[in-house]
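Taking it in order: structure first as structure tokens, then the write-up.
Letters go in sequence order (proteins before strands), and every chain restarts at 1.
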Number of protein chains: 2
Amino acid sequence: MAKQEFLSHSEENYLKVIFQLAGQERLKVSTNALADKLCAKPSSITDMLKKLSDKKLISYKKYQGCGLTVKGEVIAIQIIRKHRLWETFLVSKLSFGWEEVHDVAEQLEHIQSIKLIDKLDEFLDFPKFDPHGDPIPDRAGNITYRKSKIKLAEAAINAVVEVVSVDEDSPSLLKYLDEIGLRLGSRIKVFERIPFDSSLKIEIVGVQKMYISEKVADNIGVRFIEKL
Amino acid sequence: MAKQEFLSHSEENYLKVIFQLAGQERLKVSTNALADKLCAKPSSITDMLKKLSDKKLISYKKYQGCGLTVKGEVIAIQIIRKHRLWETFLVSKLSFGWEEVHDVAEQLEHIQSIKLIDKLDEFLDFPKFDPHGDPIPDRAGNITYRKSKIKLAEAAINAVVEVVSVDEDSPSLLKYLDEIGLRLGSRIKVFERIPFDSSLKIEIVGVQKMYISEKVADNIGVRFIEKL
DNA sequence: AAATATTTTTAGGCTCACCTAAATATTTTC
DNA sequence: GAAAATATTTAGGTGAGCCTAAAAATATTT
Ligand SMILES: [Mn+2]
Ligand SMILES: [Mn+2]
Ligand SMILES: [Mn+2]
Ligand SMILES: [Mn+2]
């Protein structure tokens, strides 16, 4: 077994954010992008990138951005696993709203105990997705991404789609979606894209017809079901 | 509502340990006692005592030890509440052994979310005691200490007693107690105190007769049930 | 290609929570 | 009550993780 290196909360957060910003295509992540996401100055980012590079957790060449090494990615995925399992716990067992769990999970994801997280996984019955529809990595680090996911903003007119994920970062968006009756699993009929502002005329099946802004639609992940 | 001051993990640990070392009699706590318990040098303790004193969380006069203020005690009790609720969660919901939970709870007790802890309390059905028999403060901070608790080491010969608590600090003691079949609620008949080493000849009712050392007996809390 | 704008790094500083070594206060022993 | 032992504080220092200001590299515009 690889030596258990203990990383600080800060180091763990950097790895997690690098993983997320790199995306599935594993793009290089820029210093400024990290500074934005981590709410720190670029100079602070540079400091940490040097440290993570020394520890072989990222590849980093001056001015060229950074990317996770295998070692770094393994750790990043475990942190994401913890984050999403904790979010699932909060929603399914403690009846938190989906807009309330992210901040608490940001703390809980740093608890060090492999046994805890595996037991939690079992207690939750090995959930595949978190409350926002994001995939939960298994204990080996495998992530099964939904293959045919698109943004609602990009859905074809006259399609019926199913909501499979929502962007979790903004509690106010999540509360709004709650209020209009849009949740994971909701069916949505896409009627019309208004040319002026690209807002969408939709029906949340079984709930209501309404307009939603492009910005909202851009934060909702859906999969195609059928033509109207 | 009092302003939510955010304390570091370190500050929280100091308050918790001061509370525990002061005991129910609220004795002054010495710098060295804190250094021992917190595994830090006395000079580091002094630094922190000054800081906590500036924040009005403790009363502190040079060379005279320290004690919690009301404000400090309120916080300390909330940390202990969190610690014990998490321990209870780990044992009752995730089937951890009682010797495995303390270290994880040391981390979990610092998670900042009043809602989380209240929901957890509810989820656990408002437990009154943690897996080691220690009382769990309620959300208002009230602690109901068991009134007639004594150490097994001090129990009278020919008494039958019930185990109500165990010292949680040593996993190896807890594993040993597991192995000999001694748990919370166990009845114990006290037959004889061996003069040479003050070890006890006992019967764990329904399990076995055996000898236990004074040191072990000193870490088991019991209440008197009846004379043999 | 040069000028300008943007991004990133370097240099130097700060706070936190710890440390060692030395000084000082308190307690215990004779 | 003085000497010795112990407890505590002060003084000065360290690394982690942040900061600002200035310098250097890269990207964009003209
Ligand atoms: Mn989240
Ligand atoms: Mn999520
Ligand atoms: Mn404990
Ligand atoms: Mn306990």
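In this structure, A:Lys28 places its NZ atom 19 Å from C1' of D:dA27, rounding to the nearest Å. Rounded to an integer number of Å, the gap from B:Asn32 CG to C:dT27 P is 13 Å. Distance B:Asp54 CG to C:dT15 P: 14 Å, rounded to the nearest Å. Straight-line distance from the CE atom of B:Met48 to the C1' atom of C:dC19: 14 Å, rounded to whole Å. Between the CG atom of A:Leu34 and the P atom of C:dT9 there is a distance of 10 Å, rounded to whole Å. When the P atom of C:dT15 is taken as reference, atom CZ of B:Phe6 falls 22 Å away, rounded to whole Å. Here D:dA24 presents its P atom at 18 Å from CD of A:Gln64, a figure rounded to the nearest Å. When rounded to the nearest whole Å, the span between NZ of A:Lys50 and C1' of C:dT8 equals 10 Å.
Distance from the side chain of B:Tyr60 is smallest for D:dT8 among the nucleotides D:dT8, D:dC19, C:dC18.
Within 6.0 Å of atom NZ in B:Lys115, more than 12 heavy atoms from other residues, nucleotides or ligands are found, so the atom counts as buried in its surroundings.
Taking a cutoff of 4.0 Å between a charged side-chain nitrogen and a carboxylate oxygen, B:Asp169 and B:Lys37 qualify as a salt bridge. Between A:Arg81 and A:Asp118 a salt bridge is recorded (basic side-chain N to carboxylate O distance below 4.0 Å).
Put simply, B:Lys62 has a side-chain N or O that comes within less than 4.0 Å of OP1 or OP2 on D:dT10. Note on B:Tyr63: every side-chain N or O is 4.0 Å or more away from OP1 and OP2 of C:dA23. Of the side-chain N and O atoms in A:Ser43, none sit less than 4.0 angstrom from OP1 or OP2 of D:dC18.
No donor-acceptor contact under 3.5 Å links the side chain of B:Asp47 to the base of C:dC16.
Shown here, C:dA3 forms a base pair with D:dT28; the pair counts as Watson-Crick or G-U wobble because both key distances fall under 3.5 Å.
Both A:Ser8 and B:Ser44 sit near DNA chain D, but only B:Ser44 has its closest nucleotide nearer the 5' end.
Residue contacts shown for A:Thr31 are limited to sugar-phosphate atoms, with no base heavy atom under 4.0 Å away. Base contact: A:Lys41 has a heavy atom under 4.0 Å from a base atom. Using a 4.0 Å heavy-atom distance criterion, B:Thr46 is classed as a base contact.
In this pair, A:His9 and A:His110 present their aromatic rings parallel. The plane angle is below 30°, not in the 30 to 60° band.
Side chain of A:Arg193 to backbone of A:Glu214: no donor-acceptor contact under 3.5 angstrom is found.
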